[in-house]
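Residues take their numbers from the sequence shown, with the count starting at 1. Both backbone and side-chain heavy atoms feed into the values below; hydrogens, waters and symmetry mates do not.
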Amino acid sequence: MRLLVALVTGLVVAQPAAARTLAERVRTLETEHGLVLRAPASDDAALVTEVEAGLAALPPALRRPPGGPLELVLHPEPAPLGMGNDSERRPDWNEDRRHFHLYDFVPTQERRATLRTARLTEAELERLWRRRAVVHAVMQRWDDARHWSRAPGWRRLSGWLAPFERPLTLSEQSLLSYAGAFSRARGQKSASLDLVTFAEELFVPAESLREEAIPVDDRVSCQELSKTRALGELLATAGLGTLPPRAPCPAFDTWANTGELSHFELLMVASTGRQPESLFGHLLMRPVWHEGAIPRGPGFEAVVQPVALTGVETGGPRYIAKGLAGGFSLGFLTSTMGDLAHETLELEQRTIRRFRLRLTPSEQVRLLERVWEMERRGYLPYYFLTDNCASALLFLVNGALEEGRRVRAPGSLWVLPGAMLDAFTRLELLEHIPDDFESTGERALRAHESREEALEALATRVGPEAHTKLRLLHRRLQSPEPEKRREAWSRVPALAEAVLASAPEPERESVRTLLHAYLAWSVRVERSEVDRAEDERLKVERELLVKIHTAVSTPEDDLRERQLLFEREDVLQRKLATLDRIALLQQALATADKREPTEEEARILARAEAIEATFITATEVQGGLQTGLFSEVDPLAFLERDRTRKTRVEQELSSRAPRSSGAARTAVMVGMDLGPSGRVRPVVGLRTAGLSQALGESYLHGYRPSSELRVLDGEIRLEPRRGLPRVLDSRLTLLGYRTLLREPPWHRSTLLDELGWGMEALLESREQGQTLPHRATAQAEALLVVDEGPHFEHYAALGLGARAALRWGRDELAPAVGPRLSFSQRVDLPGSLANAVRLEAAWSPTYTLHRGLRHEAEASLRMDLLLGQWGRRGVRLSPRAQVRWEGQLDALPSGQFEPRLDLALELM
């Protein structure tokens with residue numbers, strides 16, 4: 001009986017709901033949700049059903065939008081997706097946002113809008129987009145009221161910039177240039193439309209119409225992880241509900257392996273000093289996982305690189321011009337440490353410095369999500385100076401930071417990798433790891449120094465005759481001719497036995513260990529030779545190309561192909577996507593028609609083969625000795641001792657190096673000099689630089705201490721007086737570069753091998769009343785290094801070069817030219833690596849048109865002392881004495897003689 005009563009009661013309750021008229025449903029939409037439908041929309045039962053379904057897809061608290069009644073107006077005219085596009089013919093809203101316009105549904109040709117709906121029928125598509133239209137209208141009203149799209153956490157995900165936030169940004173725009181990064185094209189118009197169109201796709205996904213409409217890994221919840229999280233946090237903060245937990249995403253979850261994630265590292269690739277595009281270095285990122293149940297070799301570890309998508313273009317004036325003018329796009333590439341090591345550490349010979357990112361565990365997961373998304377859809381404009389690897393990593397990381405943390409760009413006119421590391425440090429997000437990834441060239445230099453030490457240690461432990469033969473072998477192993485080195489390696493086994501036999505019994509084991517180390521280090525030198533030779537061989541083979549049969553696509557073609565590949569996760573997982581320029585070049589070389597090499601090219605190719613054969617011989621000899629004469633020596637212990645020594649040196653250097661780069665330098669000066677009338681006068685001054693790193697300076701975020709780089713490095717001196725101070729003189733170095741980096745010691749057979757080089761372009765204005773006070777000068781020089789420390793903390797160099805200038809005054813313009821002799825010396829002082837005494841002197845006899853030959857000489861003696869580190873900044877005190885003279889030698893001591901003393905306080 002009770003069961004019968006219950007059934008009857010249920011039927012009585014259910015029947016009115018099922019039998020509600022269309023008018024009642026429309027009235028319910030208006031009274032409960034504020035959505036108004038009038039004829040013909042109110043007479044369309046199918047439309048009313050989809051409006052109800054669209055509302056039901058939203059969290060309950062969102063189903064009544066703020067701002068008063070919202071009318072959905074249906075028009076008979078067709079429009080793609082049944083919605084407007086903000087045009088006069090097809091508006092989506094009226095001006096006061098009270099009417100949202102719907103149109104007759106027709107499919108769209110927009111690729112991104114159809115990407116996840118391709119399996120739906122046309123009827124299902126119409127139902128889907130009617131529901132999404134409702135979500136669009138409701139979420140737009142919520143965003144107008146709550147301004148969610150203005151939240152920094154949302155704007156950073158797509159890099160939305162407000163008008164005038166950056167130079168030449170006149171309207172709101174996104175850093176992301178790829179339409180596929182947005183739910184549909186309308187989302188690229190503004191941050192608000194980005195949020196609203198994403199909400200369409202999130203709340204009404206394709207699988208809501210049919211479960212099998214899209215594979216799990218391609219669903220929006222598995223592809224747009226960051227936006228889903230950000231919108232969910234906005235709703236939760238507003239108290240308007242929470243999104244359901246994310247369902248498993250097999251592809252992402254397997255790749256991310258968040259349970260084993262240890263930390264992230266920022267990697268700074270050293271500049272080469274040889275290629276202009278690498279002058280400022282390169283930044284990339286490395287996620288580090290704990291070793292799991294399945295060992296992962298170091299060559300298979302992931303590396304995230306922001307790279308200019310250049311195809312096989314790798315250099316030349318056209319390459320540089322396109323990089324400066326925005327001719328390439330920038331994308332995010334997840335490659336392996338093996339690929340990075342081959343191209344960077346081996347071919348380019350560039351060491352990589354490591355920094356640990358201090359992120360919370362949840363920020364690390366967010367950053368993994370960002371990497372996953374950006375590799376698939378993160379395409380940015382590429383400009384060498386402003387939108388480059390450093391700014392791209394900033395964009396990537398900022399989108400993952402929580403609790404209002406944000407790293408600010410270290411400039412708007414240019415963004416340098418070193419300055420970007422400074423910016424991360426200012427937010428206390430960076431920790432240096434004193435264990436560089438060494439280039440094979442740097443490792444060879446270290447190995448050469450170690451084998452020299454081993455040779456000295458053997459001198460007192462073996463017989464004189466054996467040591468003499470060992471010295472002779474050492475000279476032969478340093479021969480620039482690979483055939484001679486190969487012949488020397490063939491003699492190593494017999495010589496090793498003789499050397500070991502000559503040692504007294506108590507010294508025999510230590511001699512065995514030293515010999516083992518000496519040969520291991522010598523093999524490392526041979527390995528670097530192979531890598532150098534391969535780089536030269538690839539360059540030659542590229543020049544030999546006549547006709548390429550393999551289709552070598554343009555950068556634009558590569559970009560489109562890559563975008564298509566990353567659209568479908570099931571396709572992507574079956575294909576390894578690579579953008580390795582070396583691999584692309586080698587693929588083209590394999591099938592191309594080639595011309596005959598010139599005599600010089602044939603010599604380079606033959607030398608590369610001979611070097612490889614020498615390396616093979618060296619490793620075979622080493623292997624034979626390891627299983628024979630050196631079988632009692634533990635090779636793992638040798639490797640561990642070598643690595644310990646390397647990291648100890650790096651730790652000591654990093655502890656003494658200033659925690660900054662040479663970017664954005666400022667110093668104030670006070671001093672005195674001798675005026676034209678002979679009176680002593682007080683002087684104040686200001687030194688600023690966009691970038692200034694002098695020879696021998698080692699900064700934690702800087703470049704090689706063997707190189708000097710100065711960009712927009714200026715100094716102005718003023719005479720204080722009543723009223724406005726008088727400008728005495730100024731000097732601006734537009735670009736200055738010097739390097740003492742030369743060929744390795746075993747390659748230095750001529751004077752040219754001992755030379756570094758330098759160049760400078762500068763503008764000067766000297767004190768009024770002097771002859772032709774304004775000058776524009778360009779100069780270049782060769783540098784003979786007569787002394788150097790292991791890390792160039794001290795050095796001495798003689799320079800010989802030439803300079804050309806244009807000089808002008810009030811009524812005269814005169815070109816000038818002449819040779820230039822210089823001397824530079826740095827002596828390091830105890831404490832910080834920033835502490836030093838510097839001497840710079842130069843003499844130049846210059847012929848000036850209409851004025852004849854005059855001589856110029858200048859010298860400065862400067863001491864740098866780091867006073868201390870306050871917070872994240874250092875302060876350096878720099879007393880300096882200068883003297884400058886200009887005149888004629890036959891009229892000494894007459895001429896313009898200018899002695900100066902000043903004291904500078906510099907913020908580092």
Side-chain angles (χ1 to χ4, degrees), residues 260-271 281-291 296-306 334-341 344-345 349-361 363-364 367-368 371 389-390 393-394 396-397 400-401 407 416-443 445-446 639-662 698-705 790-791 832-833 869 872 874:
E260 299 295 335
L261 182 63
S262 171
H263 63 277
F264 277 86
E265 292 178 6
L266 285 188
L267 307 179
M268 182 174 181
V269 182
S271 62
H282 177 52
L283 279 185
L284 48 128
M285 189 168 65
R286 173 183 177 231
V288 180
W289 284 272
H290 296 293
E291 195 68 68
R296 183 191 314 213
F300 292 96
E301 293 178 344
V303 176
V304 182
Q305 290 202 68
T334 300
S335 58
T336 65
M337 274 299 298
D339 293 334
L340 178 68
T344 304
L345 303 181
Q349 297 284 293
R350 300 168 69 181
T351 289
I352 300 176
R353 204 172 303 164
R354 304 166 59 193
F355 301 88
R356 178 171 180 153
L357 273 173
R358 291 174 173 168
L359 303 176
T360 66
E363 285 174 337
Q364 291 188 166
L367 189 51
L368 273 181
V371 170
C389 61
L393 276 182
L394 177 68
L396 191 71
V397 175
L401 296 181
V407 181
L416 300 175
M420 187 60 71
L421 295 179
D422 293 344
F424 276 94
T425 300
R426 282 193 286 273
L427 205 62
E428 298 184 349
L429 287 175
L430 218 57
E431 175 186 350
H432 179 239
I433 300 174
D435 187 9
D436 295 348
F437 294 132
E438 276 184 310
S439 70
T440 52
E442 292 282 351
R443 181 177 293 179
L445 285 171
R446 188 167 59 83
L639 293 174
E640 184 59 32
R641 287 194 302 272
D642 183 71
R643 185 176 182 275
T644 300
R645 180 178 180 180
K646 166 186 171 290
T647 54
R648 185 173 62 248
V649 171
E650 291 177 8
Q651 177 68 58
E652 195 273 335
L653 288 174
S654 65
S655 66
R656 297 177 59 203
R659 293 177 292 173
S660 63
S661 70
S698 293
Y699 296 102
L700 207 55
H701 304 158
Y703 308 112
R704 296 175 183 266
H791 302 282
S832 169
L833 292 176
Q869 202 87 19
R872 293 175 292 277

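Within the model, atoms CG of Leu261 and CG of Leu368 stand 5.0 Å from one another, a figure rounded to the nearest 0.5 Å.
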*asked:* Using salt bridge (charged side-chain N to carboxylate O under 4.0 Å, His left out), reason through Arg353 and Glu650 one step at a time and then give a plain yes or no.
replied: CA-CA 10 Å; Arg353 204 172 303 164; Glu650 291 177 8; over 6 Å; no
*asked:* Would Gln349 and Thr440 count as a side-chain contact (heavy atoms from CB on, under 4.5 Å) here? Give the steps.
replied: CA-CA 6 Å; Gln349 297 284 293; Thr440 52; 2.6 Å; yes
*Could you walk me through whether Leu416 and Tyr703 pass the side-chain contact (heavy atoms from CB on, under 4.5 Å) test, one step at a time?*
CA-CA 11 Å; Leu416 300 175; Tyr703 308 112; 4.3 Å; yes
*Kindly indicate, with the supporting measurements, whether the criterion side-chain contact (heavy atoms from CB on, under 4.5 Å) is fulfilled by Glu363 and Leu357.*
CA-CA 10 Å; Glu363 285 174 337; Leu357 273 173; over 6 Å; no
_Verdict with supporting geometry, Leu700 and Ser654, side-chain contact (heavy atoms from CB on, under 4.5 Å)_ = CA-CA 6 Å; Leu700 207 55; Ser654 65; 3.8 Å; yes
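Side chains of Gln305 and His282 form a contact here, defined as non-hydrogen atoms less than 4.5 Å apart. Using a 4.5 Å heavy-atom threshold, the side chains of Val397 and Met285 count as touching.
With sequence neighbours excluded, the residues satisfying side-chain hydrogen bond (donor to acceptor under 3.5 Å, both in side chains) with Asp642 are Arg446, Trp521, Arg524. Residues satisfying the side-chain hydrogen bond (donor to acceptor under 3.5 Å, both in side chains) criterion with Arg643, sequence neighbours excluded, are Asp435. Considering only residues two or more places apart in sequence or on other chains, Phe355 meets the ring-ring contact (aromatic ring centres under 6.0 Å, His included) condition with His432, His701. Residues satisfying the side-chain hydrogen bond (donor to acceptor under 3.5 Å, both in side chains) test with Ser439, not counting sequence neighbours, are Thr351. For Glu652, the salt bridge (charged side-chain N to carboxylate O under 4.0 Å, His left out) test picks out Arg656, with sequence neighbours left out.
With hydrogens and angles ignored, the 3.5 Å screen pairs a side-chain donor or acceptor of Thr647 with a backbone N or O of Thr644.
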Donor-acceptor contacts, no H, no angles, side chain residues 262-270, under 3.5 Å, sequence neighbours left out:
| residue | atom | partner | partner atom | Å |
| --- | --- | --- | --- | --- |
| His263 | NE2 | Glu265 | OE2 | 3.1 |
| Glu265 | OE1 | Arg286 | NH1 | 3.0 |
| Glu265 | OE1 | Arg354 | NE | 3.1 |
| Glu265 | OE1 | Arg354 | NH2 | 3.4 |
| Glu265 | OE2 | Arg286 | NH1 | 3.4 |
| Glu265 | OE2 | Arg354 | NH2 | 2.8 |

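Annotation for Ala302 and Pro287: closest pair O-CD, 3.6 Å, computed over non-hydrogen atoms. Closest of all the heavy-atom pairs between Thr336 and Val303 is C-CG2, 4.2 Å. In terms of heavy atoms, Ser661 sits closest to Asp422 at OG-OD2, 2.6 Å. Among all heavy-atom pairs drawn from Leu401 and Leu429, the shortest one is CD1-CD1, 4.1 Å. Across Leu394 and Val407, no two heavy atoms sit closer than the pair CD1-O, 3.3 Å. The two residues Pro306 and Cys389 make their nearest non-hydrogen contact at CG-O, 3.7 Å.
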